Amino acid sequence: MTLEADVSDLWDRYQDGLTAADATDEDAAVIDEFLAALEAGEVRAAEKTGDDVTSWEANEWVKRGILLNFGLRETEAREYGGVTYHDVLPLRDTDDLGERGTRNTPDGTAIRRGAYLGSDCIMMSPSFVNMGAYVGDGTLVDSCDTVGSCAQLGENVKLGANTLIGGVLEPVEDAPVIVEDGVSLGAGCRVTSGFRVGENSIVGENTLLTPRIPVYDLVEEEVIYGHLPAERRAFTRMVESSVGDHDLFQGGAYKPAVVATHVEEDTLEATRREDALRE
């Protein structure tokens with residue numbers, strides 16, 4: 001049987017009432033093999049099925065395999081850096097990172113089991129990469145950043161400090177947050193609820209990207225939700241809300257929106273200077 005078939009069979013048994021107490025060594029071997037495949041980048045929680053950023057789809061069996069690691073493992077006391085913590089999984093073994101040129105700084109860099117980090121990545125502390133996340137080659141995860149469960153980051157992505165990349169583990173049919181190749185997110189950005197950022201886009205500091213907030217795409221002159229097209233410069237602006245005068249405040253009300261336009265040459269030059277600092 002293939003790994004997918006083994007995980008699917010185990011999922012069916014779990015749905016029928018299999019518990020962590022009842023799981024056998026053979027069952028544990030399946031989810032251990034699954035974790036190893038995630039960490040090697042051999043399986044991913046989502047895949048791109050077309051040319052456009054909107055074509056990403058969830059690999060439901062992979063997300064089920066991740067859920068099995070919570071449902072069929074007991075919480076245990078574990079040690080890391082002289083501190084005892086309680087979890088169903090240990091942190092990821094990072095012995096393989098050095099041989100690929102990827103580096104992580106100590107005292108606060110946490111990579112959970114089942115996370116993939118490519119070659120020549122940089123993880124500054126404190127930062128956290130959750131189970132099922134995929135971090136492509138050459139990507140920078142800066143200080144105080146979180147990469148959520150199943151989030152998919154492409155190659156040469158730059159996450160500014162204090163950036164949140166949300167995760168979408170459930171429902172299993174929903175694709176997680178996607179940040180494609182070459183994207184640069186400014187400090188304090190938040191990308192949540194399965195939002196998708198197209199390749200080579202540059203997003204200004206403190207921008208919130210979520211399907212509930214409209215993106216005013218000035219390139220195609222349309223309002224879109226749930227994704228930012230490729231090669232855009234995006235930033236937050238306040239637009240008029242449908243809420244009018246209210247007893248509690250004077251005048252109109254405003255809500256956040258995202259404005260997307262062409263990437264300008266001076267913006268590209270600024271990101272190139274950042275690249276030079278990391279060579």
Side-chain angles (χ1 to χ4, degrees), residues 3-12 14-15 31 34-35 37-39 41-73 88-89 112-116 128-136 139 141 145-154 157 159 163-181 183 185 189-199 201 203 207-215 217 222-230 232 234 256-258 260:
L3 179 59
E4 179 177 353
D6 287 339
V7 168
S8 296
D9 177 70
L10 192 54
W11 176 262
D12 289 340
Y14 174 63
Q15 292 295 99
I31 51 180
F34 172 77
L35 286 179
L38 278 174
E39 292 171 6
E42 296 169 356
V43 299
R44 296 176 61 170
E47 61 183 334
K48 194 174 185 179
T49 60
D51 296 329
D52 190 76
V53 69
T54 60
S55 68
W56 282 86
E57 295 181 1
N59 280 327
E60 295 185 27
W61 78 269
V62 174
K63 296 178 77 174
R64 290 189 181 110
I66 294 170
L67 289 169
L68 285 172
N69 276 275
F70 296 105
L72 297 182
R73 294 185 188 272
V88 294
L89 288 172
R112 208 172 190 197
R113 282 225 61 189
Y116 171 79
F128 176 69
V129 179
N130 207 348
M131 186 179 183
Y134 183 101
V135 180
T139 287
V141 180
D145 289 349
T146 296
V147 180
S149 178
C150 299
Q152 304 288 296
L153 306 185
V157 171
L159 304 184
T163 292
L164 169 66
I165 305 298
V168 178
L169 181 52
E170 294 183 279
V172 294
E173 64 270 15
D174 284 0
V177 169
I178 306 293
V179 180
E180 292 192 330
D181 297 351
V183 169
L185 298 179
C189 286
R190 290 168 289 163
V191 188
T192 68
S193 302
F195 194 94
R196 307 168 190 193
V197 184
E199 62 184 12
S201 289
V203 182
T207 300
L208 172 60
L209 299 174
T210 182
R212 295 176 296 279
I213 290 180
V215 176
D217 184 12
E222 60 181 353
V223 180
I224 54 180
Y225 288 84
H227 73 280
L228 178 68
R232 297 293 195 272
V258 174

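Quick note: residue numbers are just sequence positions, from 1. Computed from a predicted structure; not experimentally measured.
Side chain of Arg232 to backbone of Ala230: a donor-acceptor contact under 3.5 angstrom is found. Put simply, the side chain of Ser201 never gets that close to the backbone of Val197: no donor and acceptor are under 3.5 Å apart. Between the side chain of Lys63 and the backbone N or O of Asp174 there is at least one donor-acceptor pair closer than 3.5 Å. In this structure a side-chain-to-backbone donor-acceptor pair under 3.5 Å is present from Arg196 to Thr54.
Remark: Leu68 CG to Phe34 CZ distance equals 8.0 Å, nearest 0.5 Å. In this structure, the separation between OG on Ser149 and CD1 on Ile66 is 5.0 Å, given to the nearest 0.5 Å. Note that the CG atom of Leu72 and the CD1 atom of Ile31 stand 5.5 Å from one another [nearest 0.5 Å]. To the nearest 0.5 Å, atoms OH (Tyr134) and CG (Leu38) are separated by 11.5 Å. Here the CG-OG1 distance, from Leu185 to Thr163, works out to 6.0 Å after rounding to the nearest 0.5 Å. In this structure, CG on Asn130 lies 13.5 Å from CZ on Arg113, to the nearest 0.5 angstrom.
Residues Val172 and Trp61 are not in side-chain contact: their nearest non-hydrogen atoms beyond the backbone lie 4.5 Å or more apart. For the pair Val129/Tyr116, no side-chain contact is recorded, criterion being any heavy-atom separation below 4.5 Å from C-beta on. With a 4.5 Å cut-off on side-chain heavy atoms, Trp11 and Leu67 count as touching. Proximity of Thr192 to Leu209: side-chain heavy atoms (C-beta onward) are nowhere separated by under 4.5 Å. Within the 4.5 Å cutoff, side-chain heavy atoms of Pro229 are placed close to those of Ile224. Counting only heavy atoms from C-beta outward, the side chains of Asp145 and Leu164 never approach each other to under 4.5 Å.
Between Pro211 and Ser193, the shortest heavy-atom distance links the atoms CG-O, 3.3 Å. Residues Val53 and Trp56 approach most closely at O-CD1, 3.2 Å, considering heavy atoms. Here the closest heavy-atom approach between residue Val168 and residue Val177 is recorded as CG2-N, 4.5 Å. The two residues Asp51 and Ser55 come nearest to each other via the heavy atoms N-OG, 4.1 Å. Of all heavy-atom pairs spanning Phe70 and Leu169, the tightest one is CE1-CD2, 4.1 Å. The minimum heavy-atom distance linking Glu60 with Glu173 is given by the pair OE2-CB, 3.5 Å.
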Applying side chain to side chain contact (heavy atoms under 4.5 Å, CB included), run through Asp217 and Val223 and close with a yes or a no.
CA-CA 6 Å; Asp217 184 12; Val223 180; over 6 Å; no
Any chance you could lay out the side chain to side chain contact (heavy atoms under 4.5 Å, CB included) test for Ile165 and Thr146, step after step, and finish with the verdict?
CA-CA 6 Å; Ile165 305 298; Thr146 296; over 6 Å; no
Step-by-step side chain to side chain contact (heavy atoms under 4.5 Å, CB included) determination, Phe195 to Val215:
CA-CA 11 Å; Phe195 194 94; Val215 176; 4.1 Å; yes
Determine whether Asn59 and Val43 satisfy the following criterion, side chain to side chain contact (heavy atoms under 4.5 Å, CB included), listing intermediate values before the conclusion.
CA-CA 9 Å; Asn59 280 327; Val43 299; over 6 Å; no
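Checking Asp181, Thr139, Val135 one by one against Val157, the side chain to side chain contact (heavy atoms under 4.5 Å, CB included) holds for a single residue, Thr139. Considering Gln152, Glu180, Glu57 as possible partners of Lys48, the one that fulfils the side chain to side chain donor-acceptor pair (under 3.5 Å) test is Glu180.
One side chain, Arg212 or Thr210, offers a donor N or O that lies under 3.5 Å from an acceptor on the other.
Within a 6.0 Å sphere centred on CZ of Arg73, heavy atoms belonging to other residues, nucleotides or ligands number more than 12.
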